[in-house]
Amino acid sequence: MTPLHHYLIFSALLFSIGLAGALTRRNAILVLIGVEMMLNAANLNFIAFWRYSAHPEALTGVMFVIFSIGIAAAEAAVGLALIIAIYRHYKTTSLEKVDSLKG
Amino acid sequence: MNVAFILIAGLTLGSAIAAMSLRNLVHCALCTVITFAGLAAMYLQLNAQFVGFAQILVYVGAVAILILFAVLLTRNSENQPNTLLASPSWIIGILVAISVSGTIIYAVVKSTRLAQTLPPAPEATVQKIGEQLMTNYVLPLEIVALLLTAAMIGAVIIAMRDKNEKEDSGSKMITGNARERVSQPSTIHHPSSSQKTTR
Amino acid sequence: MAIETTFQPKATLGRTAPGNYTLLPKTPAGAIGGIDGTVLEVAMGPHHPSTHGVFRMDVSLDGETVVKLKPVFGYLHRNHEKIAENTTYLGSVPYTDRLDYLCSMTNNWAYALSVERLAGLQVPERAEYIRVITAELTRLVNHCSLIGFLMQDMGAMGTPLMYAFREREKILDLFESLSGSRMMCNYMRFGGCRCELPSGWIEQAKKVVTSFPEFLDHFEALLSENEILLARTQGVGVLSKELAINASITGPMLRASGVNYDIRKVDKYGIYDRFSFRVPLGEHGDVFDRYMMRVLEMRESLKLLEQALAQIPSGPIIDPKAKLRGFRQKPGEAYARIEGPKGELGFYLISDGSPNPYRYRVRPPSLINLTILEDMCLGQTIADAVIILGSVDIVLGEVDR
Amino acid sequence: MLGTGIIKGMVETARNFVGSYHDPERLTTVQYPEERLAPKENGRSFPFLVFDGNDQQAGLRCVACQICEKECPPQCIYINKSKDKKPDYVGKLQFYPATFDIDISVCMSCQICVEVCPFEAIKMDQVFELSTSDRFGKLLLHKPQLAKPNEYFHQLHPTDANEVDARLGEEKRKAEAKAAAAAAAAAAKLAAPKPAPDEPTKAT
Amino acid sequence: MQSLDQIFVTGKQWLLAFLPEALQPVGSILLVIAAIFGVFATLFAVTTILERKILGRIQNRFGPNRVGPFGFFQPAADGIKMLTKEDIVPRDADKIIHFLAPLALIIPVALALSVLPYGRNMVPVEFDAGLLFFFAVGASTELSVFMAGWSSRNKYSLVGAMRGIAQMISYEVPLVLSTVTVIMIVGSLSLVKIVEAQSGFLFGFLPSWHVFTPWGFAGFFLFMIAATAESNRSPFDLPEAESEIIAGYLTEYSGFKYALFFMGEYWGMFAISGLSVTLFLGGWNAPFPFLQFIPSYIWFFTKLVLIIFTFIWLRGTVPRLRLDQLMSFAWKFLLPLALTNIVVAAIWFFSRALQFPGALGLRWIFCAAILAVSYVWLGRGVAQAQRAKRVYQYAE
C-alpha cells in the first residue's frame, strides 16, 4: 500500500519540474508543456485526496479532474494556435524575442 | 511502499525532467507523452479508471499530437542553441522550483492530518460518473462544452493563415511558370460533323 | 529551362567513410521542410514506383500542393537516332520496336511508311489490311494497359491492371503467332509486311475482337462509375484546348481537350478512308476525359477491326520492288506520320544515297505530350500529379530514345 | 446515390473471384516450370545454323558470305571465312565459316539475319532457357553449338522448312541435271574432237 | 457442449492450479498474454496468406502457391526472409525513435486486443470502461506513425506521417460517434455487457444483434468506414500510398522492424474488426438458436474473418482517395451522418415505450427513413462534383 503523502510528494516534484521548465526554457512550446505538467500534478493531487478521503462516493475529486482535463485540452489547443500565429509573425518561438506589442 | 508505484513514479519524473531539459523539441514532446502516460497509470493505481483512460485519450491521443504538430509547424524552433546551465535565468528558475517543492514536501511530511489509511476501493463506475455529470455537475458540463467549442473555433481562427499572405505567395509561385504559354491559339480546322451519344 | 551541367558537391565535414567516398553533412533535425509553410522539394524518381520507368519529377510541394514541377528525362537515352543513322534501313526496323515497347506494330508502320515515301514503294492491298489490323490491335493493347497503369497509379491494387493484361495477352498471342515475338514484333517492312498470316490467324483474331466488347463492358462496370475514380479524375489535370494546340499535343490527350484531330482522318494514310469509324471527343480535358477517350477509342477500334477482318483480300504482301538486302536510296527526304496509340508518331528521313539514312529523326508523341506536364500539375496535389502523369501515357523508351 | 458505383465494382470483382475457381478463361496463368505453352510455329529466340545430313561440319549450309554479319543491327555475329573451299549441297565448291560466333547476350532476336541469308543457312531457334552464371563465355555461342540438323529445323518451323527443302531440292535437281548435262556434254566432247569451254558457276 | 465452449477457461484454471497461490494472478496474466500473442500471430500469418490468395483470385491469378500445400507455408518463408534481412537505419535518422516506433505501435494494439470478449467468459481483461480503454490506447497508435515518419528523416516518410496523423485524427471522430449509439442503447461502456445485450433472439429465431436495427446498421456502416481509415486500408491507404509516396512512413524500415510494423497494422485491423463484431454483430453470439451448440469463440472468429474478407475484397476493388477528399468525406459526410444516427438511436430508445402491435415495424421504418434520407442528401453533397453524367461527342 502506498501512503497518501507519497503521491503528494510525487506530485510536488512533478509540479516543480514543470515550474522549473516553464521558468527556464525560452521556447514557448516548452513553456506550455511545463504548464501542462503543473496542471497534471495538481490533477494527481485531486485524485489522491479523493481516493484517500472518508467519503469517496461523492466523486468530487474525479469530477474536478474530468473538468480539468477538458479545460486543459482547450487550453493546449488555444495556446498552441497562439504560438503558431506568433511564429508566423516573428518567425521564432523564443519568448525572449517576442517582446514588442506592436507588430 | 509499492514497487509499481516506485517504477511509475521514477519513469514519470525521469521523463518529465527529460522533457524539460532535452534540446530537441520533438524528443521533449515525446518524453511528455511518457509523463502523461505515467500519470494515467497513477490514476489507474488509485482506482480512477475513467480518469485514467480519459487522461490517455486526451493527453496522449490529442494534446501530445497537437504539441508535435506545433513543433513541426514552427520549424526553426526545433533546435535550440545550447544555453549554459549557469545563466541567471536557469539558476533562478531552478531555485524557485526547489524552494516550491521543498515547501510543499516539508508541509506534506510534517502534516499529521493527512489520511494514513487507505479506505476500501470506491465504486467510481462510468455509470456513476455519468449520473453525477447529468445531475450535480450539469452546469459545469455545459460550460466546459461551451468552452471547448469556443476554444476550437478560436484556435482555428488564430491559426488560420492570413488570406492575403497566402494568396500572394501562391500566385507568385504559379505565375512564375509557363501559364503565359497560352497565347493566340492557332486553329486547326477539320470537318467535324458531330454526333451525340449518351455515355 | 536552364540545364544544370556542373555538379557541385556540397561542403563536406571532411570525414571520409571506410570506402572511398565522402559523407555529406548530416541532415540537421528539421531540415526537411514542407510543413511549416516552407516548400518541400521532392525528387520523385528516377526510381519511384509510379514514374513509368526511369523518369524524374522534381516537385516542389506546399503541403501537398504542387507549386513547381520539373520533368527530368534522359535516364533511358540509348542514342536511337544516331544508331539508326549508322545502320542500314532494314536494320533500323527492330530498333523502332524498342521505342514504344507497348506498340511495336505502329512504330514499325510509321518507319516503314516514311521509307516507302522516300523510295516510292507501293504497298499491296493485303499488306495494307494487315497493317490496319495489327495497328488497331496495338491500339487496344496500349489503351488497355494504359488504363490499367492509370488505375495502378490511383492505388487500385492492380486489379484493373490484371484484367487489362489478361486481355492484352490474347492480342499478344496473336502477335506472336504472326511475327514470332510478343512485343518486339519487327513485322512490317518497307513495301509491305514480312510474312504471310499463319493459317487460322484471321479466325483467331475475329474471336478476340468479338469477345473484346464484353470485356470492355465489365471493365467499365468496374471503373467508369466508381465514385472514387470519378472524384479522383474529374476536374484534375485540366488541359485547355488552346494550350493543347499550342503545345502541339496529339493523340487521345488532344482529343480529350475537345480538338478534332485524328491523323487517321486527316491524312487518310494507308487505307483508313475505306473504313467507317468515329473519333470520340472530350470536353473538359481532364484525366477522366482522357480515360474515357481511351475506352471509347477502343470501342471504335473494334468496329474498325471487324470491318478490316471481314474485308481482307488475298494477294501478295510485299511490293516486289522492295529490296531488303543492300537497300539504298537516291538522295532525298521524307516525313511520314501515323496516328499512334499515343499520338502523332512521325519519322523523318534524309537519304544521301548511302545504305544508311543521313538523318533520322523521330517525332515521339510521348515526349511532346509530356512537355505540358507542369502546366497541368500546378496547383494540384501530389497524388494528382501522379495520375496526371499516368494519363499522359508515356513510355520512357520513346521519351528518351 | 453515393456508393452504387463501388458496389457495382465489388460485384464485378466478386464475379472474377468466383469465376477464377471454375472458369479457365479467367484463370489464364500457366505455371511455368510444370506447365508450358506449346511453342508457336513462328516463334523466335536466337539464331542457329542449319546443316544437312549427319556431319555438321560437311553439311553446313553457310558459305561465309558475311551478309548477316553486315546486316545484323546489333552486330552480334562474328564470321571468319575459311581459306579453303568445300563442296556444298549441290556439290559446288564454296567457302565455309572457319569460325561462326553469335553473342546472344547482344542479339535482339530480330530475325534480320534469317531474312537476308541467301542460302537458307541461318534460322531462328525457339529455346529460351539459356540462363547461365557465365556472362561472357557461355553466352557466346560457337559454330558447334550453333549448328543444328535440318530435322531440328523441321521440328521448329515445319511450314518454312518444307518450303525451303522443296526449293533447295529443286535447285539441287536442276544442278544435278545441269551436271549430268555437262557430264553428258563432256562425254560427248570426249567423243567429239572439239572441246567445249566450262560454263562458269553462278551463285544463286 | 458446455464443456467445449468453456474449454479454454477451464484449461486456464487447471493450469493455474499447479502454481502456488501467490503466483496465480501473475500466471494468469502471463497465460493471457501468451494466448493473445499466439492466437493473433497465427491469425496474422493466416491473414497475410489469405489476403494474397484472395487478391490473386480477384485478379485472376493463383496467388502464392509454391511453399507448402497451396502455399500455406508462405508466411513462414516470409517471416524467415524478414528476420534475416539486413536492418538498415538511415544515417541521418533519429536512431532511438526510429527503433522505438514499431514498439509504440505494437504495444497499444496488443493492449487493445486484450479487452475484447472472445467468447463466453473469455475476456482477457475486463474493464468497466472497456470501450473507453480501447479508444484510449487506439488513439496512441498515432504517435508511432509520427515517430516512424519523423525519425526516418525522409521526405516521403514525413509526408506519409502527416497524412497518417491527419487521417487517423479525423476518422477517430466518426469512429467514436458511431459507437455512442451502442453505448446509449446498452447503457454501458463494458464490452462484455454490450455483447450480453445482444444475446437472445427476436421472435425466437432472429438474432437481436445491433446491426439488425436501423441505427445499428448505420452505425456499423459508419464504423466500418472509419475503421478502414483507422487501419490504413484501401481505399484510405494514403499514408502508405506506394504510387505517390513510396511506402509513406514505412519507407525507411526494413527487416524485422518492418515486419513488426506490418504485424502491428494487421493487429490493429483485427482489433478494430473485433470491436465492430462486439459492438454490432453480436460478439460471440450464434446467429440462430439451432447453431448455439457451436462454441462461442468460433462464432467470434468466424465473424472476424468475414469482416477481414470484406476488407480484402474492398482492397481489391477500389482506387485510393485523395487527401482533401478523404478529409471532406470524414467531416462532411461521416460526421453529420454519425450525429444523425445518434438522434435516430435516441428516437429508437425512447420509442421503446410504444407497445401497440406493429410498433416495432413502425419504429423501424421511421428510423430507417430518417437515415436513408440523410444518407442520400449528404451523399449528394459529397459527390456533387460528378453529378452530371458526361456525354461525349464523336466526329466522323
Side-chain angles (χ1 to χ4, degrees), chain A residues 1-10 12-21 23-27 29-30 32-34 36-37 40 44 47-48 50-54 56-57 59 62-63 65-67 69-74 76-78 80-85 87-88 91-94, chain B residues 1-2 5 9 12-13 16-17 19-20 25 28 32 35-36 39 42-43 46-48 51 54-55 58 62-63 66-67 70-71 73-74 77 80 89-90 93-94 96-98 100-101 104-105 108-109 114-116 118-119 122-124 128-129 132 137 140 144 147-148 151-152 154-155 158-159:
Chain A
M1 190 204 95
T2 316
L4 173 59
H5 63 261
H6 284 174
Y7 285 104
L8 299 186
I9 292 170
F10 167 74
L13 286 174
L14 192 63
F15 184 88
S16 58
I17 291 169
L19 183 65
L23 288 178
T24 55
R25 299 301 294 252
R26 292 178 178 78
N27 192 305
I29 296 172
L30 277 174
L32 198 76
I33 292 178
E36 289 286 337
M37 226 173 252
N40 268 283
L44 182 65
I47 294 286
W50 161 75
R51 179 70 182 80
Y52 284 84
S53 71
E57 62 279 356
L59 291 176
V62 173
M63 284 299 153
V65 172
I66 289 172
F67 288 122
I69 287 176
I71 290 167
V78 176
L80 290 169
L82 278 174
I83 290 171
I84 289 165
Y87 172 78
R88 291 239 173 80
K91 299 290 167 220
T92 179
T93 49
S94 176
Chain B
M1 193 137 141
N2 199 317
F5 175 80
T12 313
L13 287 180
I17 291 171
M20 290 287 94
L25 270 184
C28 293
T32 321
T35 312
F36 291 154
L39 274 162
M42 285 270 177
Y43 296 158
L46 288 165
N47 293 61
V51 179
Q55 167 89 3
V58 172
V63 173
L66 262 181
I67 290 173
V71 170
L73 284 169
T74 57
S77 67
Q80 294 264 305
S89 80
W90 267 95
I94 286 169
V96 168
I98 288 174
V100 167
S101 65
I104 297 175
I105 291 169
V108 165
V109 171
L114 285 177
Q116 294 299 321
L118 188 65
E123 280 279 304
K128 278 192 174 171
I129 293 172
Q132 290 280 314
Y137 297 92
V144 166
L147 178 78
L148 277 174
M152 194 173 76
I158 293 171

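Below, chains carry the letters A, B, ... as their sequence lines are ordered, and counting in each starts from 1.
From Met63(A), atom CE reaches atom CD1 of Ile66(A) across 5.0 Å, with rounding to the nearest 0.5 Å. Once rounded to the nearest 0.5 Å, the distance linking OG1 of Thr35(B) with CD1 of Ile17(A) reads 8.0 Å.
Contacts with chain B were tallied for Ile33(A), Leu23(A), Leu32(A); Ile33(A) has the most, counting heavy-atom pairs under 4.5 Å. In terms of heavy-atom pairs under 4.5 angstrom with chain B, the leader among Leu13(A), Ile47(A), Ile84(A) is Ile47(A). Contact count against chain A (heavy-atom pairs under 4.5 Å) is highest for Leu39(B) among Val100(B), Leu39(B), Val96(B), Thr12(B). Interface remark: of the candidates Leu82(A), Leu80(A), Asn40(A), Val65(A), Asn40(A) forms the most heavy-atom pairs closer than 4.5 Å to chain B. Ranked by non-hydrogen atom pairs under 4.5 Å with chain A, the options Gly154(B), Ala9(B), Ala19(B) are led by Ala9(B). Per-residue counts of heavy-atom pairs under 4.5 Å with chain B were compared for Leu19(A), Ile69(A), Val78(A); the largest is that of Ile69(A).
The closest side-chain heavy-atom distance from Thr32(B) to Val63(B) is not below 4.5 Å.
Residue contact with chain A, scored on non-hydrogen atoms closer than 4.5 Å, involves the backbone and the side chain of Ala16(B) alike. Using a 4.5 Å cut-off between heavy atoms, Val58(B) contacts chain A through its side chain alone, with no backbone atom that close. If you measure heavy-atom distances from Phe10(A) to chain B, the contacts under 4.5 Å come from both the backbone and the side chain. Residue Ile104(B) touches chain A through its side chain alone, counting heavy-atom pairs closer than 4.5 Å.
Contact detail for Leu148(B) and Gly70(A): the closest heavy-atom pair is CD2-O, 3.5 Å. In plain terms, the two heavy atoms of Ala77(A) and Leu66(B) that are nearest each other are CA-CD1, 3.9 Å. Minimum heavy-atom separation, Phe67(A) to Val144(B): CD2-CG2, 3.4 Å.
Note on ring orientation: taking the six-membered ring where Trp is involved, the planes of His6(A) and Phe5(B) are parallel (angle under 30°, cut-offs 30° and 60°).
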